[in-house]
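Accompanying notes for the structure given below.
To find a chain, count down the sequence lines: A is the first, B the second, and so on, and within it residues start at 1. Given the structure is predicted, the values throughout are model-derived calculations rather than measurements.
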There are 2 protein chains.
Amino acid sequence: MDIFTTMQDERGRLSQSEIRIADIVLNDFEFAVNASIIELAGKADVSPPTVTRFCRRLGCESFSDFKVQLARTAYVGMRYLKPEPKSIAPADVAQDIITKAQNALFLLHRGLDVVAIEAAANRIAGAEMIYAFGSGGNSSMIASEMQNRLFRLGLRITSSSDHSMQLMMAAAAKPTDLLIGSSFSGRNTELVRAFTLAREAKVPTIALTQSGSPVADVADVTVPIDLPEGDNIYRPTSTRIAYLAVLDILASLVAYRLRPQATATLRRIKQQLVTHRDGDDRQLLGD
Amino acid sequence: MDIFTTMQDERGRLSQSEIRIADIVLNDFEFAVNASIIELAGKADVSPPTVTRFCRRLGCESFSDFKVQLARTAYVGMRYLKPEPKSIAPADVAQDIITKAQNALFLLHRGLDVVAIEAAANRIAGAEMIYAFGSGGNSSMIASEMQNRLFRLGLRITSSSDHSMQLMMAAAAKPTDLLIGSSFSGRNTELVRAFTLAREAKVPTIALTQSGSPVADVADVTVPIDLPEGDNIYRPTSTRIAYLAVLDILASLVAYRLRPQATATLRRIKQQLVTHRDGDDRQLLGD
DNA sequence: AACGTATCAAGAAAATAATTTGCAGGAATC
DNA sequence: GATTCCTGCAAATTATTTTCTTGATACGTT
């Protein structure tokens with residue numbers, strides 16, 4: 001997979017000297033990507049050959065191969081080590097947020113459960129009617145975004161962020177329908193209740209949430225989204241980007257499954273919008 | 001900045017041989033990051049010293065420095081060359097979408113207008129009341145997301161995706177208030193109308209949109225978001241992720257400006273949610 | 001318990017490979 | 001025709017890897 005994961009996974013099988021090397025790489029990645037084998041060996045108090053052996057053990061061809069791997073992944077992969085932007089100057093804040101977002105995507109990709117995603121896409125594509133649930137600002141955005149993405153594919157879908165409505169909808173749904181719920185924390189008790197209700201009525205359910213959480217436990221299919229949430233209360237949000245990406249993946253897979261129908265519906269909607277605007281065909285679907 | 005931009009910018013000042021090297025790097029990045037200087041020189045039909053000189057001209061210390069730079073940026077920076085996923089297998093679609101999203105963030109960062117962002121943040125922080133506008137699914141999501149982010153900081157804000165409401169709100173707004181509008185295409189005529197109305201009433205306006213577009217033209221401050229939109233109608237959405245990132249940046253900057261007030265409000269909201277849930281303090285703000 | 005053997009880690013030195021520098025010939029430009 | 005810049009060759013330098021050896025540890029045998 002990627003070199004950082006490998007380093008962590010293999011840590012137990014490394015020797016003392018190799019652990020020292022690994023620690024230096026992990027702690028001072030900037031140094032590591034720029035250093036020569038001699039410099040790195042010097043800093044770790046080992047000989048250059050030991051560094052070469054270390055790289056080999058991690059599955060790299062050579063030391064320079066190792067450095068390339070390092071540079072590739074670490075650019076997006078290791079920034080969560082720095083919890084705060086360097087300063088609150090706009091450029092630094094921007095860099096921090098963008099890097100964290102890229103990082104969230106990186107981690108999402110690393111932990112993605114493709115089997116679950118595919119199962120979810122299949123169910124979505126086959127549902128007669130879809131109910132998308134989510135509350136609390138972040139997840140409600142995901143729910144309405146779900147609707148925004150799926151109705152364009154010709155699917156019947158509604159969304160709600162209202163707990164009472166969710167319960168009523170869950171009670172009204174049929175076994176040929178589908179409930180999709182999103183919860184960042186996985187601890188949305190009302191959503192758990194709605195899912196439980198659905199389960200009793202044999203209505204299939206899909207959860208986008210943390211694995212192992214109460215919401216995940218009651219869903220038929222869970223698409224797990226597990227990311228370490230930064231603790232800066234001002235920016236609780238790179239997780240959202242990961243959720244949106246999952247949504248995109250689901251919507252794309254569903255679209256590929258329904259291609260002919262979806263294309264036709266999209267074209268109609270697009271036509272509608274284009275004639276309503278100033279006729280530039282290159283504009284986005286739905287702004 | 002980054003090595004690819006530099007290569008494109010410097011292209012005119014490069015010699016024949018150097019252009020050959022640049023083309024090989026650009027076209028076969030995978031080869032380039034793994035090749036030794038001799039292999040790369042061989043493929044470009046030049047001598048190794050020429051490659052070294054090429055790297056120096058691009059501002060790198062050495063050939064290996066060049067490779068590291070290459071590996072760093074190219075991982076996220078150059079994937080839009082491949083317009084389609086390798087297959088419609090879930091893993092490939094996922095990889096495609098995630099890479100494109102990372103790429104959108106990369107391009108956003110590269111083209112970010114920090115001055116405009118800062119100006120926008122200042123105005124937001126100083127506004128008595130904020131109206132966030134956007135329509136059409138994507139931008140309406142941004143507008144309500146704007147509300148979701150900013151009310152937590154103790155700001156007075158409402159959002160609307162309804163054109164008629166937008167016009168009425170624009171007419172009702174005061175010069176101490178603020179209008180924020182989002183338009184992916186920049187061609188939302190109704191938003192232009194609302195902005196024009198606001199301008200006449202001396203209500204300040206901020207636009208999140210394509211630079212040079214009609215919406216950008218009528219706003220006091222434009223935060224330009226210019227990304228090449230992929231033409232696959234099934235995935236019109238990596239742009240959205242860029243918009244959300246800009247929103248995050250704005251919200252963070254505003255938060256830093258209002259820190260004491262914002263912290264208190266957030267704590268209150270969090271308290272509310274936590275006591276309402278099962279008491280795990282580590283959960284997200286608002287799910 | 002003592003000894004021997006096997007296994008592994010790790011450094012020194014040598015060998016190899018890669019990269020850079022200095023220099024000179026040649027092409028292009030003014 | 002002179003100057004400048006490009007380019008490759010060969011040499012020098014530097015970096016990396018291989019080989020060989022030593023030392024340590026674990027395990028089995030006597």
Is a salt bridge present between B:Glu18 and B:Arg57, judged by a nitrogen-to-oxygen distance below 4.0 Å? yes
Heavy-atom contacts under 4.0 Å between residues 46-56 of chain A and DNA chain C, which residues? A:Val46, A:Ser47, A:Pro49, A:Thr50, A:Arg53
Whole-Å distance between D:dT16 P and B:Ile38 CD1? 14 Å
Separation of D:dT17 P from A:Asp65 CG (nearest whole Å): 10 Å
What residues 12-20 of chain A contributes to the DNA chain D interface at heavy-atom separation below 4.0 Å is none
Write down the atom of A:Val221, the atom of A:Ala119, and the distance for their closest heavy-atom approach. CG1-CB, 4.3 Å
Are A:Arg110 and A:Asp226 close enough for a salt bridge, meaning some N to O gap below 4.0 Å? no
Do A:Ile206 and A:Asp220 have side chains that get closer than 4.5 Å, going by heavy atoms? no
Is any side-chain heavy atom of A:Phe184 closer than 4.5 Å to one of A:Ile225? no
Regarding B:Ser62 and B:Ser64, do their side chains bring together a donor and an acceptor under 3.5 Å, going by distance alone? yes
Is the centre of the A:Phe54 ring less than 6.0 Å from the centre of the A:Phe66 ring? yes
Is a salt bridge present between A:Glu118 and A:Arg257, judged by a nitrogen-to-oxygen distance below 4.0 Å? yes
Give one of base, sugar-phosphate or nothing for A:Ser62, where a contact means two heavy atoms less than 4.0 Å apart. sugar-phosphate
Between D:dC5 and B:Arg57, is there an OP1 or OP2 to side-chain N/O distance shorter than 4.0 Å? no
Less than 4.0 Å between a side-chain N and a carboxylate O, is that true for A:Arg149 and A:Asp248? yes
Run through B:Thr209, B:Asp217, B:Val215 and flag the one making a side-chain contact (heavy atoms from CB on, under 4.5 Å) with B:Thr222. B:Thr209
Anything under 4.0 Å to a heavy atom of chain B counts; send over the first and last such nucleotide of DNA chain C, read 5' to 3'. C:dA18 to C:dT21
Once you round it to whole Å, what is the distance between P of D:dT16 and CD1 of B:Ile37? 13 Å
Would you name the heavy atoms of B:Ile117 and B:Val223 that are closest together and state the gap between them? CD1-CG1, 3.9 Å
